[in-house]
Amino acid sequence: MPDAKPNTIYLKDYRIPDYLVDNTHLQFELKPKATLVKSQLKIRRNPAAGVGLPPLLLDGVDLELLSIAIDSMPLSSEDYEEIPQGISISVDKPEFHLEIQNRINPEGNTSLEGLYLSNGMYCTQCEAEGFRKITFYPDRPDIMSKFTTTIVASKNYSVLLSNGNEIDRGLCKDESQYVTWEDPFAKPAYLFALVAGDLKCLDDYFTTTSGRKVKLQIFTEEKNIYKCDHALRSLKNAMRWDEEVYGREYDLDTFMVVAVDHFNMGAMENKGLNIFNSACVLASPETATDAGFQRIESIIGHEYFHNWSGNRVTLRDWFQLSLKEGFTVFRDAEFSADLNSRAVKRIEDVSLLRINQFAEDAGPMAHPVRPDSYMEISNFYTLTVYEKGSEVVRMIHTLLGPEGFRKGSDLYFERHDGCAVTCEDFVTAMEDANQVKLVQFRRWYSQAGTPKLNVTDYFDEKRGIYRLTVRQSCPPTPGQKEKHPFHIPLKLGLLDKGGNDLILDGTGSTQCVLEVTESEQSFEFTGFENKPLPSLLRGFSAPVKIDYPYSVEQLLFLMSKDTDTFNRWNASQRLAFMALSDLQQAYRKGGTLQLQPGLIKAYKRVLLNRDLDPALVAEILQLPSEQSIAEESACIDAEAIVVARKFALQTLAEALSGELRARYIALNVRKPYSINAKDIAERKLKNTCLLYLCVTETADSLALAQAQFDIASNMTDKAAALNALINHAGDRQANAAIEQFYRRWKEDAQVVELWLGQQSRSCRRGSLKTVEKLIQHPAFDLKNPNRVRAVIGGFTKGNFSQFHMSDGSGFEFLAEQVIALDKLNPQIAAQQVIPLTRWKRYTGDLAPKMKIALKKIMDSGNLSGDIYEVVSKSLSE
Ligand code: TRP
Ligand code: ZN
């Protein structure tokens, strides 16, 4: 238990701040173990907050307070009081200058919040509540202040950065140097950033539509400068895109990005000075995979887009987190869709949502897109807030259309520029700009859980009327037993016998969006000769589960004929789930396993289809992962899932080996590596075929993998071949590849992480023993989140069969790691514990064994608030 059980904070308790901070001047004297922070704040009573002069509350965590003065008068110990969250200062005037000095220890900071050191470089992470680990401050997003920052440091640091523009630099008396930065835009403390290091930068510029020239800089260690080109190109694309699609220009003279190796998340949108996990910014063809390149493009876009959706318009309080994250994920998803294959991007995003967000929504940590309470806000940087939040914004886009949505976003930015606002303000702007009401729609922000749609239909042959009946329901979630109906945009088309889209109304349109608002509702379409086949929830128009009693034949038909690419893929998924569920059942009954022949035929047809986008072929061919099969099942029978999937994979690999081989060979042409949609798609299909072929474990197929491993000059092909060998080759061959790869790449942090992850995720070689060995490997470091995510996360989230071993050893292992991690980095510990929290859904012995592991964590003593919240909520349900 933490020293004191952390408090629960409620949205309904929100109060506007008593005091405002107009200006913040910070001075840092950087020393690894004892950095001196001087803060000068211009403070004023908030006129909107009432009368009287209540005490001034400042947040502060792990700070050594040296002095406090008001208007240059030092305070005595009677004038202030230390309180659990920081200090409380008595105030006797409505306006004053507050001056505080405190000391912090960046080197000892392993939580990676506040100011810390990463490979000798100083950097900060202040979102959500990290600024209070730098100095005493009203650390809440509705306090917006103009910052200036002076950094004093030894001359060994070639680069001293903070937000905004550099306004002064020089030498100090003692041979150290200083640089002063000024950020002209008022901002909340969570957007503050500081970087000091011996760094080099890749420079460029961008000219905005209105003709302003913006300097662009990507900073990293000298040895990584060659890996910055893709990020820079992506940044320029993002800047152009936001001008074209949202009419938003960048607003400072420079935009800086810094890569750091130790980082809790992907990246951070600090004003004018984005800080990135190096894995999310550095890439070269020899060291990064295509997926890595695409991830960089989307994260660079995401953080850049925050400059408007997050920074210029920020949050009133942390309950509104999805206001910036949901909207910005939607923006980055559309950016990636516009630059690459829209259908494939959608398939990837929906898969993530269905596998991980649906599980969150069905588990003990389920919460609405706008939560109404939390203990530790870091635990709410979730798939629900980000990905479901983005789906909610997408539904508004679907309901209003692109022009209506743009009118709404223009009004939102115009009304709230420079302000700290709420999700409510966003929806209101959308309504006002379009003269519509979205009253019921707001339930998407307040109700948790994944709604379920049951669809049935009826055809009146005599009158040619086709009637769809939709019933909606939503399961209870913690604290929310009863749910009210949602407002659900249900996009659909109706297919005739030939697979053509039928005309749905007088306007001639072949697709429509039904607005489902009641628990049960019917919709009629007229003028048909035969009963049409519905293609429902096209493009995944709402984050719901949908059930319509399709037959195997109908799914096969949709898979080859639907004009909606997303639904073609979706039909293939349904088909695979049906087949896998049959296999699970047969296994449980002790019968012989047989794979649905329709599935094999359908896969063959897709594989032979040269007109389909190869990336889509690859998506269809990949069987749903064990995790996604688990998410489809009400009760998770881990063993049956593993057996069923393995059997299906092997059957398909054998039945299709001729076609797989032919397609592999046709795609395996030598040509220079280039990162464009067509080549990425072809590599993706080629490597999907290779992995399938190797499932048969024939000498032939493994020779193909070995040859590709030996000659590949780009990491996409190299890593795919390594993966095939790790998972399917004999020990000697696999180990040789593993060692050879490490010898070649051991100096490259990003490649080493890929190498660690592949081994931990391997169903064959990633046994618990291997993972325990990897943890002892010199490349592993419990203080480095990327290494933790690769090895521990790779095993627990990416190696379903080994993690769910029936003896519970995987769970015990995770409990021990979480206990050790919690002492170093509570945020990472809380990220890693998630797989244990879904214990209730498992059948047999697994549920009690997972619960024992959770209890072990609970009883280990001295838990962080982060872990306490997640573990106690998982156990208490
Ligand atoms: N705002 C960041 C984003 O856009 C999230 C983030 C980065 C973060 N670092 C963090 C959140 C540390 C909590 C803690 O994705
Ligand atoms: Zn974000």
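Numbers for residues simply follow the sequence, beginning at 1. For ligands, and for the atoms within them, numbers begin at 1 and follow the listed sequence. Only this structure's heavy atoms are used, side chains among them; waters, hydrogens and symmetry mates stay out.
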Per-ligand residue contacts, ligand 1, heavy-atom threshold under 4.0 Å: Q125, E127, F263, M265, A267, M268, E269, H302, E303, H306, K324, E325, Y381, Y386, Q827
Donor-acceptor pairs are to be reported for all side-chain atoms of residues 189-196 against protein atoms at under 3.5 Å, with residues two or more places apart or in another chain.
from: Y190; atom 1: OH; to: G310; atom 2: O; distance (Å): 3.3
from: Y190; atom 1: OH; to: T314; atom 2: OG1; distance (Å): 3.0

Classify the ring geometry between F255 and Y304 as parallel (under 30°), tilted (30 to 60°) or perpendicular (over 60°). perpendicular
Which angle, to 10 degrees, forms at the Zn ion (ligand 2) with NE2 of H306 on one side and OE1 of E325 on the other? 100°
side-chain contact (heavy atoms from CB on, under 4.5 Å) with D229: which of I218, D204, L202? L202
With a 3.5 Å cut-off and sequence neighbours excluded, list the donor-acceptor pairs that the side chains of residues 293-300 form with protein atoms.
from: R295; atom 1: NH2; to: A279; atom 2: O; distance (Å): 3.4
from: E297; atom 1: OE1; to: N340; atom 2: ND2; distance (Å): 2.8
from: S298; atom 1: OG; to: R295; atom 2: O; distance (Å): 3.2

Tell me, please, which residues at least two apart from D338 pass salt bridge (charged side-chain N to carboxylate O under 4.0 Å, His left out). R342
Any side-chain donor-acceptor pair under 3.5 Å between T384 and Q357? yes
